[in-house]
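Below is one structure, written out as structure tokens; the observations come after it.
Basis for what follows: all heavy atoms, side chains included, without hydrogens, waters or symmetry-related copies. This structure is a prediction, so every number in the text was calculated from the model and none was measured. Whatever order the structure lists them in is the order used to number ligands and atoms, beginning at 1.
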Amino acid sequence: MCGIVGYVGKRSAQDVLLDGLEKLEYRGYDSAGVALTQRDGIRVVKSKGRLSTLRSKLEELALPQSGCGIGHTRWATHGEPSEINAHPHCTDDKSVVLVHNGIIENYQELKAKLLRSGYTFYSQTDTEVAVKLVDYYYKKTGTPLEAISRAMLRIRGSYAFGAIFKDYPGKLFAARKDSPLIIGKSENGSLIASDVPAILDQTRRVYYIGNLEIAELSRDEIHF
Ligand code: GLU
């Protein structure tokens, strides 16, 4: 289980995510990635190995500044350390993008069901099953909160999730079960993180998400 950081606010999400993930490096990881909201959708950038490799990749890409995104450092439990298995994971059209800490115990059963519903899988991770399950319910219900809560009812195991949706560019969603996840509120935005050191530079106002609770964050508001 490794690191999650998410941010929505006035600052550059890329900077906040990379700085936050750096603070979680001490926990160990094998790959890293970020997803950033852009004008034309969500951009996902990942790399195997050190966070500095991801940072260089992002510097080379020089994406337009984004005010919303999620980042992850992975400690592989399902599938080898690789760029494909690195988080964030997403749907083919990148309408739903998600990072995950923990282990989904019934991922094989859920994957079989999603394959029957026409989903394709590219990684060996349990996490890709989670994002596609959320998407399945999102297509059915049309709302992120309903989709996440329905997926939570189906998933067995432990998880901390951070998610963004293409149709909701200024919003960040978080949920957890038996895996730590906190929320921070600063003057310039809202944050999620798997551990306090990731956001201490930004704020000391920290809230703990309850087990099986879902949070919806925007720049100025947080709803549980
Ligand atoms: N089970 C997930 C994976 O293997 C998440 C690992 C983690 O917590 O970093 O990708």
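For ligand 1, the polar-atom distance check finds an N/O of Arg74 within less than 3.5 Å of one of the ligand's N/O atoms. When only interatomic distances are considered, the shortest N/O to N/O separation between Thr125 and ligand 1 does not fall below 3.5 Å. The shortest N or O to N or O distance between Gly102 and ligand 1 is below 3.5 Å.
Within the 4.0 Å heavy-atom criterion, both parts of Thr77, backbone and side chain, lie near ligand 1. Within the 4.0 Å heavy-atom criterion, both parts of Asn101, backbone and side chain, lie near ligand 1.
Residues passing the ring pair (Phe, Tyr, Trp, His ring centres under 6.0 Å) test with Tyr159, sequence neighbours excluded: Phe161.
The pair Lys185-Asp220 does not count as a salt bridge, with every side-chain nitrogen at least 4.0 angstrom from each carboxylate oxygen.
The contact set between ligand 1 and Trp75, taken as ligand atoms under 4.0 Å from a residue heavy atom, comprises 6 (C), 7 (C), 9 (O). Per-residue contacts place His87 under 4.0 angstrom from the following atoms of ligand 1 (heavy atoms of the residue considered): 2 (C), 3 (C), 5 (C), 10 (O). For ligand 1 and His72, the ligand atoms under 4.0 Å from any heavy atom of the residue are 9 (O).
Annotation for Lys94: atom NZ does not count as buried by contact number, only 12 or fewer foreign heavy atoms lying within 6.0 Å.
A continuous path of ILVMFWY side-chain contacts below 4.5 Å connects Val196 to Leu21, so both sit in one hydrophobic cluster.
Proximity of Arg55 to Asp19: side-chain heavy atoms (C-beta onward) are separated by under 4.5 Å at one or more points.
Grouped with Ile164 in one hydrophobic cluster are Ile4, Val8, Ile42, Val44, Ile70, Val97, Val99, Leu172, Leu181, Ile183, Ile192, Tyr207, Ile209, Leu217, Ile222, Phe224, the linkage being side-chain heavy-atom contacts under 4.5 Å among Ile, Leu, Val, Met, Phe, Trp and Tyr residues.
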